[in-house]
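FYI, side chains are in, hydrogens and waters are out, and symmetry mates aren't considered; it's all heavy atoms of this structure. In this text the structure is predicted, and so the values were computed from the model without any measurement. Every chain is numbered from 1 and lettered A, B, ... according to where its sequence line falls, protein lines coming before strand lines.
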Amino acid sequence: MEMILTKQPKFLLKRHHLPLLRHFCTEHNSPLPQVSESSIIITQALDVLLQTPDNEWTSSPQIKNLLFSSTSLSPQLFFQITRRFPSSSRALSFFNFLQSNLPTEANTSSLSYAYQAVFELAIRERMSPESLFDLYKACKDQNIPLSINSATLLIRFFGKVSMYDYSLLVYNELDNNLRNTHVRNVLIDVLLRCDHDRDAFNVLDEMLDRESQFPVNELTGDIVFYALMRREHVKNSVTDEELVGLVSKFAEHGVFPNAVWLTQLITRFCRKGKTDEAWDVLHVLMKFDAPLEAASCNALLNALGREGDFKRMNQLFTEMKENDIEPSVVTFGTIINRLCKLYRADEALEVFEKMIAGKETAEISVEPDVIIFNTLIDGLCKVGKQEEALGLIEQMRLRLQKGCMPNAVTYNCLINGFCKSGNIEKGLELFHLMKQEGVTPNVVTLNTLVDGMCRHGRINSAVEFFQEVTRKGLCANAVTYTILITAFCNVNNFQEAIKWFDDMSRAGCSADSVVYFTLISGLCQAGRMNDASLVVSKLKEAGFRPDIVCYNHLISGFCKKKMLDKAYEVLQEMEDIGMTPNSVTYNTLISFLSKSGNFSAARRVLKKMVKEGLVPTVVTYGALIHAFCVNGHVDEAMKIFKELSSSSNVSPNTVIYNILIDSLCKNNQVELALSLMEEMKVKEVRPNTNTYNAMFKGLRQKNMLDKAFKLMDRMIEHACHPDYISMEILTEWLSEAGQTEKLKKFVQGYAVSAAPA
DNA sequence: CTAGGGTTAG
C-alpha cells in the first residue's frame with residue numbers, strides 16, 4: 001500500500017492526466033509544455049506566491065500572469081504548485097484563490113486536483129481524522145468533485161485509523177463514474193483488512209457481474225485472494241463452496257489466482273477432507289484456461305492418493321497433459337509414493353519405468369531424483385522385496401548424476417527393510433557399508449537398528465548397539481527412548497523401562513508426549529497404576545496433557561485393578577478439561593461393570609453414552625454378550641445377539657460369534673453353536689482359529705467326530721492356522737478315537753494349502 | 001523419501 005501512495009503522482013500522470021492534458025492541448029492548439037518548461041513555471045510561481053501574503057495574491061498582476069496565461073494553464077500544473085506549499089492551510093488558501101480566479105471552463109478538474117494536494121499535505125501533517133473529515137466535507141459542500149486519487153487517499157487513510165465507515169461514506173458519496181475498478185480495489189482492501197467482509201463483498205459483487213462497468217482486475221484478485229487466505233484461523237465469512245464460486249467468477253473475467261495461492265488453497269481443502277472442493281476449483285480454472293502449475297495439481301494428487309482414489313488420480317494426470325501442465329519430479333514422486341504406501345510397489349515401479357522411458361523419447365523432461373529412488377526402495381522393502389530394493393541402489397550409482405547418489409535415507413530404508421524381516425545381520429552390514437561409502441549414519445539409522453533388534457528379541461544387543469553408537473557421538477532422541485521403553489514394557493521389565501525414561505532427561509534429551517504415553521500405556525496394561533499415575537503427573541509437569549487414548553488406558557488400568565472409584569475420577573477429569581469421552585472410554589467401563597455382574601451400573605453408562613450422541617458399537621454389544629455369558633446367562637446373551645442381528649447398523653463379527661459359540665458349547669448346546677457356525681458362513685463372517693477351537697472342544701464332549709472332520713476340512717480350505725490349542729485337543733481326541741490317520745492328513749493338508757497362500 | 005506410542009469385547 002505504501003508503494004501506491006509514494007508512486008501516486010507518477011501513476012496519476014500516466015493514467016488519468018494524459019487524456020486531460022491532450023484535451024487541453026487540442027483546445028488551445030498548442031504543443032504540450034515541456035517538463036522543463038513547466039517546472040520553471042512551477043518554481044517561479046511558487047517563489048512569488050510564497051513571498052506574497054495570501055490576501056495580496058488577487059491584486060498581483062505578476063501572479064495572475066504566471067498562472068492564468070493560456071499556454072501554462074493545466075490542472076496538472078495547479079496540482080504541482082499546490083502540493084509544494086509548506087502547509088495544508090496555505091495550500092487551502094491557494095485553492096480558495098484559484099476557485100475565485102480560474103476561468104470557468106477549466107475550473108472543475110483543476111480545483112479537484114488542487115484539493116487533492118491539500119488532502120495530501122494534510123495527511124502528511126498527521127492531521128486528525130476528524131479534521132480531515134471536515135476538510136472532506138468542505139470540499140463536498142463547495143461541490144468540488146473528488147479526484148480519483150483524493151478518493152483513494154481518503155478511503156485508505158480512514159481505513160488505516162480503523163474508521164472504515166468513513167471510508168464507506170466517501171465511496172458512497174462518490175460520483176458513480178468515479179467508482180472505478182481502482183477505487184473499488186482500494187475500498188475492498190480497506191474493508192477486508194478491518195474484517196468487514198460483508199461490505200467488501202457487496203462492492204465486489206457488482207464488479208463480478210458479467211456486465212459490470214468496472215470489472216475486477218488482477219489487483220482485485222490479489223487483494224481478495226490474499227485476504228481470504230489470511231482468514232484460516234478465524235471462522236470464515238466465506239464457506240469453502242462459496243470460495244470455489246468466487247474463484248470461478250473471477251475466472252470469468254480472466255482473473256486467476258497465482259500458483260502459490262492456489263496450491264495453498266488446495267492443500268487447505270484437502271487437509272480438511274474437502275477433496276471435492278479442491279477438485280472443483282482446479283477444474284474451474286482448467287475450464288477457463290488459467291495458467292496452472294504442477295505444484296497445485298500435485299497437492300490434489302497427494303490427497304487423492306491418500307484416499308486411494310486412483311481413478312481420479314489417473315484422470316487428473318491425463319488432464320495435466322491435455323492442459324499443457326508439465327508434470328514435475330514431485331508429480332511422479334507423489335504418484336509413486338501413494339502406490340508404495342498402499343503396498344503396490346509393482347505399480348510404482350511401472351510408473352518409474354514410464355518416467356524413464358518418457359525421458360528417452362523426450363515426452364517427459366524430468367529426471368528421477370534421490371527422493372523417487374528412496375520412495376521406491378522403501379516401498380519395495382515394505383512388501384518384503386529387500387533384494388530388489390538393493391538392486392535399485394546400483395541403478396542410483398550408475399546414474400552418475402549429482403543429487404542421485406544414495407544418501408542416509410536410502411540406507412535407512414534398506415536397513416529398516418532387512419531389520420523388520422528379521423535379518424538384523426544384513427542391517428548391520430549395510431550400516432557398515434554406508435560408513436565405508438562416506439554416508440554418515442544419523443539418529444534414524446540408530447533407531448531403526450535398535451528397534452529391529454528389540455522387535456526380534458535382542459534387547460541386550462540393542463542396548464549394546466545404542467551405547468556403542470552414542471559413545472561415538474551420535475545423539476539419541478525421544479524416538480530412541482520410546483523404542484527401548486516399549487521393548488522393556490513388552491517383556492514386563494518395568495524397572496528397566498522406568499530406568500530408561502529417567503536416563504533420557506539425564507542424558508539431556510527432552511521427552512515428547514509419545515515417550516510419556518508409551519510408558520503410561522505399558523504400566524496401565526500391566527496394572528501398575530501407582531507408577532502410571534506418577535508418570536501422568538510428570539507428563540503434566542512437563543506441560544503436556546494426556547490425550548484420549550492415554551485417558552482410556554488409565555480407565556482400563558484402574559478397571560483391571562478393580563479400582564472403580566479411580567476410573568470414575570479419570571472420567572471426571574476428562575470431562576472437567578472438556579475432553580469428550582469416546583466409545584472406547586464407555587466400552588471399557590461397560591465391559592468391566594457388566595463382567596463383574598453390575599448390570600445396572602453398566603446400563604447407566606450405556607445410557608450416558610447414547611445421551612452423548614455416541615452409538616453402541618460392535619464392541620459394546622460384545623462386552624455385554626460376554627458379560628452375560630460369563631455370568632451364566634447365555635440365554636440373555638443370545639437375546640442381545642438376536643437384537644443385534646436384526647438391527648441394520650451393527651452386524652456381529654467373528655469375536656461376537658466366538659464368545660457365543662464358546663459359551664453354548666460349554667453349556668451343552670453344541671447343536672445351537674453349530675447353527676451359529678452355519679450362520680457365519682451365510683453372513684460371510686470368517687471363523688478364525690478361536691472359533692474352531694471352541695467348536696472342537698464342544699464337539700469332543702459329545703464325541704461328534706463327523707462334524708469335527710467337516711470343520712477340519714473347512715479349516716484347511718480357508719487356510720486357517722491351527723494353533724497349539726487346536727493341536728492339543730485334536731491330538732488327544734483323535735488318538736483316543738483311533739483316528740490318527742485323519743490327524744496326519746489334517747496336518748499334511750494344511751501344509752499343502754499353506755503353500756499357495 | 002526413512003525411525004517411536006495407539007486404548008474397548010474373544
Side-chain angles (χ1 to χ4, degrees), chain A residues 329-330 333-334 336-337 340-341 369-379 381-382 406-417 419-420 441-452 454-455 476-487 489-490 511-522 524-525 546-557 559-560 581-592 594-595 609 616-630 637 652-663 688-691 693-694:
Chain A
V329 204
V330 181
T334 304
I336 290 171
N337 185 25
C340 286
K341 285 272 146 42
D369 60 2
V370 67
I371 295 181
I372 299 253
F373 275 106
N374 290 348
T375 310
L376 280 167
I377 287 172
D378 188 51
C381 286
K382 293 264 152 75
N407 60 16
V409 177
T410 320
Y411 283 100
N412 291 344
C413 293
L414 280 164
I415 291 171
N416 189 40
C419 281
K420 286 274 152 68
N442 59 22
V443 68
V444 179
T445 323
L446 164 67
N447 294 345
T448 305
L449 279 158
V450 169
D451 190 51
C454 288
R455 277 175 203 261
N477 65 10
V479 177
T480 326
Y481 288 95
T482 304
I483 292 166
L484 288 165
I485 291 167
T486 307
C489 284
N490 284 340
D512 61 13
S513 56
V514 177
V515 186
Y516 289 95
F517 292 157
T518 304
L519 185 56
I520 293 166
S521 86
C524 285
Q525 280 169 311
D547 64 357
I548 183 121
V549 177
C550 187
Y551 275 122
N552 289 344
H553 270 125
L554 286 163
I555 291 175
S556 164
C559 284
K560 241 173 244 158
N582 61 15
S583 55
V584 176
T585 321
Y586 290 117
N587 288 343
T588 307
L589 286 163
I590 291 168
S591 166
F592 170 72
S594 56
K595 222 184 296 175
M609 175 176 176
T617 66
V618 69
V619 179
T620 321
Y621 288 107
L624 289 170
I625 289 171
H626 183 221
F628 280 117
C629 286
V630 296
N653 61 11
T654 308
V655 177
I656 303 253
Y657 279 105
N658 288 356
I659 300 167
L660 284 168
I661 288 171
D662 188 53
S663 300
N688 60 20
T689 313
N690 291 332
T691 326
N693 289 351

For residues A/Gly522 and A/Cys489, report the shortest heavy-atom separation together with the two atoms involved. CA-SG, 3.9 Å

Rounded interatomic separation in angstrom, taking CG from A/Asn552 and C1' from B/dG5: 14 Å

Without decimals, in angstroms, what is the distance between A/Leu446 CG and B/dT2 P? 18 Å

Quick one: is A/Lys560 getting a side-chain N or O under 4.0 Å of the B/dT7 phosphate, OP1 or OP2? no

Of the nucleotides B/dA3, B/dT8, B/dC1, which one has an atom closest to the side chain of A/Lys341? B/dC1

Choosing from B/dA9, B/dG4, B/dT2, which nucleotide comes nearest the side chain of A/Lys382? B/dT2

Describe the nucleic acid contact of A/Val450 in one word from base, sugar-phosphate, nothing, applying a heavy-atom distance below 4.0 Å. nothing

Is it the case that the base of B/dG4 and the side chain of A/Asp512 share a donor-acceptor contact (distance under 3.5 Å, atom types as modelled)? yes

Regarding the side chain of A/Ser521, the nearest nucleotide among B/dT8, B/dC1, B/dG6 is B/dG6

Out of B/dT7, B/dT8, B/dG4, whichever nucleotide has its closest atom nearest the side chain of A/His553: B/dT7

Under a 3.5 Å threshold, yes or no: a donor from one side chain and an acceptor from the other, between A/Thr375 and A/Asp378? no

Checking B/dG10, B/dT7, B/dC1 against the side chain of A/Val549 (C-beta onward), the nearest is B/dT7

Classify the nucleic acid contact of A/Asn442 as base, sugar-phosphate or nothing, counting any heavy atom under 4.0 Å across all strands shown. nothing

When the distance from CD1 of A/Ile483 to C1' of B/dG6 is rounded to whole Å, what number comes out? 16 Å

Per atom distances to the A/Asn658 side chain, the nearest of B/dC1, B/dG4, B/dG10 is B/dG10

Please report the distance, rounded to the nearest Å, between CG in A/Asn447 and C1' in B/dG5. 14 Å

Among B/dG10, B/dT2, B/dG5, which nucleotide sits nearest the side chain of A/Asp378? B/dT2

Contact class for A/Asn690 vs. all strands (heavy atom < 4.0 Å): base, sugar-phosphate, or nothing? base

Could you check which of B/dC1, B/dT7, B/dA3 has an atom nearest any side-chain atom of A/Val584? B/dT7

Determine yes or no for a side-chain-to-main-chain donor-acceptor pair under 3.5 angstrom, with A/Asn337 supplying the side chain and A/Gly333 the backbone. no

Look at the side chain of A/Gln525 and decide which nucleotide, out of B/dT7, B/dC1, B/dA9, has an atom nearest to it. B/dT7

Scan A/Asp662 against the nucleic acid and name what it touches under 4.0 Å (heavy atoms): base, sugar-phosphate only, or nothing. nothing

With sugar-phosphate meaning primed atoms plus P, OP1 and OP2, does A/Asn407 contact a base, only sugar-phosphate, or nothing at under 4.0 Å between heavy atoms? nothing

Can you measure A/Asn490 atom CG to B/dG5 atom C1' for me and round it to whole angstrom units? 11 Å

Atom-pair distance (CD1 on A/Ile485; C1' on B/dA3), nearest Å: 15 Å

Can you tell me how far P of B/dG6 sits from CG of A/Asp547, to the nearest Å? 12 Å

From the candidates B/dC1, B/dG5, B/dA3, the one with an atom nearest any side-chain atom of A/Thr518 is B/dG5

Considering all heavy atoms of both residues, which atom of A/Ala627 and which atom of A/Ser594 are nearest to each other, and what is their separation? CB-OG, 3.3 Å

Counting distance only, does the side-chain N/O of A/Thr486 pair as donor-acceptor with the main-chain N or O of A/Thr482 below 3.5 Å? yes

Under 4.0 Å, counting only non-hydrogen atoms across every strand here, what does A/Ala478 touch: a base, just sugar-phosphate, or nothing? base

When you look at A/Asp369 and A/Ile372, which way does the side-chain contact (heavy atoms from CB on, under 4.5 Å) test go after all the steps? CA-CA 5 Å; A/Asp369 60 2; A/Ile372 299 253; 3.0 Å; yes

Here the distance between atom P of B/dT8 and atom CG of A/Asn582, to the nearest Å, is 12 Å

Is a donor from one side chain sitting under 3.5 angstrom from an acceptor on the other, for A/Asp662 and A/Asn690? no

Report yes if a donor N or O on one partner sits less than 3.5 Å from an acceptor N or O on the other, where the partners are the side chain of A/Asn693 and the base of B/dG10; otherwise report no. no

Is it the case that the base of B/dA9 and the side chain of A/Asn653 share a donor-acceptor contact (distance under 3.5 Å, atom types as modelled)? yes

Ignoring backbone atoms, test whether A/Lys420 places a side-chain nitrogen or oxygen under 4.0 Å from the OP1 or OP2 oxygen of B/dG4. yes

